[in-house]
Engineer: 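Before we start, here is the structure in question, set down as structure tokens.
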Amino acid sequence: MTTVDDVSRPSRLAGPDEAISVEELQLAARNHGIPLEALRYDVTPAGLHYLLIHYDIPDVDPATHVLTVDGAVDRPFAVGLAELRERPRVTHRVTLECAGNGRALLHPRPVSQPWLVEAVGNAEWTGTPLAPLLRDAGVAADTVDVVFTGADHGVERGVEQDYQRALPVAEALREEVLLAYEMNGAPLLPQHGAPLRLIVPGWYGMAHVKWLRRIDVRTTPFDGYQNAVAYRLRQDAADPGVPVTRIEPRALVRPPGFPDFMSRTRVLRPGPCTLDGRAWSGHAPVMSVEVTTDGGVTWTPAKLDEHTGGPYAWRRWHHEWAATPGRYVLSARATDASGRTQPVEQPWNRGGFANNLVQRVEVVVLAG
Ligand SMILES: Nc1nc2c(c(=O)[nH]1)N[C@H]1C(S)=C(S)[C@@H](COP(=O)(O)O)O[C@H]1N2
Ligand SMILES: [Mo]
């Protein structure tokens, strides 16, 4: 008999010199990153925001779509989009980053969506807060987890599933967690979860369940695949690990000058150059960004622009650089108010999650 195991790949690490495979390319072509020049926009235009879809974009009709709230609640209910739109409406500017960002830079490389550093975006999400909805339903006093289910379906390492992720109840009840139906002032696009998705400011992308169709309140811990198997920080397959939760601090440099087509090495003419980029953290506000133009030998504080986007939006930084002819490696390093910062030596985990190693931007300044 044929089973899903016959088609589903096990998790594995790439061999020491193994190049990116056609299967990884297939994922990378579906799930694109932000073009780094788009770090210039404070709010990422929807088409330039990164994208991560485990299975297929499901076929969901907004006119008939219903969200069910049930499980350990006093008053289970189902609600349509029109009714959700009549509830209080709020907008949050939120930096979303995939937990796998940085994975393809690891040695050895976990074979999965091969992100370098570009799995990020900063959009305005509009919707209605989740907490009042849960209060209307009346969640049981001994609730542990709240499970969010998408309308998408697939198989992953032999497990057939709907995409499902649970949040601890205290996180689900945070006032800033949204049931979002708009991105940047327009209805959600199909690829970003139309007609309804969860937004959990501060958390890595996997928590922000798209095509949301069910919220299930549980008095026992959820052991679904995306919580118990995937999205854990482990050193090896036998390690139970710890859950991936909030976004580690990261700064990115908007690559200066112009690129070489193949290598994407940056080419600059000598003279004054304003380096800039964005910095964020899901734990606490970014307090400082340092820049190096000599591959990490010396670090200089960058200037932080005013933080206008709210606590969960990225913040612009800039730094004046007198570019003289030569080859350089540029990096920026963010530190947040919790004291967390970015490593300059490569940390490693089996799933390739939360790799916030500093970015390296190779630059050639021409002779004149
Ligand atoms: N239903 C569903 N929700 C999902 C996913 C998914 O595959 N299915 N991918 C998650 C992951 S891993 C990320 S990083 C974010 C990506 O959101 P975006 O594509 O809108 O940037 O969505 C999350 N929500
Ligand atoms: Mo992700």
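Each ligand, and each atom within it, is numbered from 1 in the order the structure gives.
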Engineer: Under a 4.0 Å threshold between the charged nitrogen and the carboxylate oxygen, would Glu97 count as salt-bridged to Arg250?
Structural biologist: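 Answer for the salt bridge query: yes.
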Engineer: Just grab all the salt bridge (charged side-chain N to carboxylate O under 4.0 Å, His left out) pairs involving residues 115-142, residues at least two apart or on different chains.
Structural biologist: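 The answer is Arg87-Asp136, Arg93-Glu124, Arg135-Glu175.
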Engineer: With heavy-atom distances below 4.0 Å as the criterion, list the atoms of ligand 1 near Asp152.
Structural biologist: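 So the answer, numbered in order with elements, is 1 (N), 2 (C), 6 (C), 7 (O), 8 (N).
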Engineer: Starting from atom 10 (C) of ligand 1, locate the nearest protein heavy atom and write down its residue, its atom name and how far away it is, to 0.1 Å.
Structural biologist: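 Of the protein heavy atoms, Tyr163 OH, 3.7 Å lies nearest.
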Engineer: Looking only at protein heavy atoms, which one is nearest to atom 12 (S) of ligand 1, and how far off is it?
Structural biologist: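 Looking only at protein heavy atoms, the one closest to atom 12 (S) of ligand 1 is Tyr231 OH, 3.0 Å.
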Engineer: Tell me the protein heavy atom at minimum distance from atom 9 (N) of ligand 1, and give that distance in Å.
Structural biologist: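 Answer, as residue, atom name and distance: Leu52 O, 3.3 Å.
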Engineer: Identify the closest protein heavy atom to atom 19 (O) of ligand 1: which residue and atom is it, and at what distance?
Structural biologist: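 Its nearest protein heavy-atom neighbour is Lys210 NZ, 2.5 Å.
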Engineer: Side chain of Arg360, backbone of Leu330: donor and acceptor closer than 3.5 Å?
Structural biologist: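 No.
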Engineer: Nearest to atom 7 (O) of ligand 1, what protein heavy atom do you find, and at what distance?
Structural biologist: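 Residue, atom and distance for the closest contact: His54 N, 2.8 Å.
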Engineer: Could you tell me, atom by atom, which parts of ligand 1 come under 4.0 Å of a heavy atom of His208?
Structural biologist: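 Heavy-atom distances to His208 below 4.0 Å select 22 (O), 23 (C), 24 (N).
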Engineer: Quick one: which ligand 1 atoms are inside 4.0 Å of a heavy atom on His49?
Structural biologist: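 Close to His49: 21 (O).
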Engineer: Please state which protein non-hydrogen atom is closest to atom 15 (C) of ligand 1 and give its distance, to 0.1 Å?
Structural biologist: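 The protein heavy atom lying closest is Gly205 O, 3.5 Å.
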Engineer: Look at the rings of Trp321 and Tyr328 and say which category their plane angle falls in: under 30° parallel, 30 to 60° tilted, over 60° perpendicular.
Structural biologist: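 Judged by the thresholds at 30° and 60°, the geometry between Trp321 and Tyr328 is perpendicular.
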Engineer: Hey, are Arg254 and Asp276 close enough for a salt bridge, meaning a charged N less than 4.0 Å from a carboxylate O?
Structural biologist: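 Salt bridge flag = yes for Asp276 with Arg254.
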Engineer: Cys98 heavy atoms, cut-off 4.0 Å: which ligand 1 atoms fall inside?
Structural biologist: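 Ligand 1 atoms under the 4.0 Å threshold to Cys98: 14 (S).
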Engineer: Measure from the ring center of Trp211 to the ring center of Tyr163 and say whether it is less than 6.0 Å.
Structural biologist: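 No, the ring centres sit 6.0 Å or more apart.
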Engineer: Checking Asp239 side chain against Gln235 main chain: does a donor-acceptor pair fall under 3.5 Å?
Structural biologist: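 Such a contact is found between Asp239 side chain and Gln235 backbone.
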Engineer: Should Glu97 be listed as contacting ligand 1, given a heavy-atom distance under 4.0 Å as the test?
Structural biologist: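 False for this residue.
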Engineer: Indicate yes or no for a side-chain donor-acceptor contact from Lys210 to the backbone of Gly150 under 3.5 Å, with no hydrogens or angles considered.
Structural biologist: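 No; zero donor-acceptor contacts below 3.5 Å.
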Engineer: Return the residue, atom name and 0.1 Å-rounded distance of the protein heavy atom closest to atom 17 (O) of ligand 1.
Structural biologist: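 For atom 17 (O) of ligand 1, the nearest protein heavy atom comes out as Arg197 NH2, 3.2 Å.
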Engineer: Whether Glu182 and Arg197 form a salt bridge (side-chain N of Lys/Arg under 4.0 Å from carboxylate O of Asp/Glu) is what I want to check.
Structural biologist: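 Salt bridge flag = no for Glu182 with Arg197.
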Engineer: Please list the nearest protein heavy atom to atom 21 (O) of ligand 1 with its residue and the distance rounded to 0.1 Å.
Structural biologist: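 The closest heavy atom on the protein side is Tyr50 O, 2.8 Å.
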Engineer: Against heavy atoms of Ile53, which atoms of ligand 1 measure under 4.0 Å?
Structural biologist: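 Counting atoms of ligand 1 from 1, those under 4.0 Å from Ile53 are 7 (O).
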Engineer: Please, which pairs that meet ring pair (Phe, Tyr, Trp, His ring centres under 6.0 Å) have at least one residue in residues 340-365, sequence neighbours excluded?
Structural biologist: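 Sorted result for residues 340-365: Tyr231-Phe353.
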Engineer: Just which atoms of ligand 1 are under 4.0 Å from any heavy atom in Leu96?
Structural biologist: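 Counting atoms of ligand 1 from 1, those under 4.0 Å from Leu96 are 17 (O), 21 (O).
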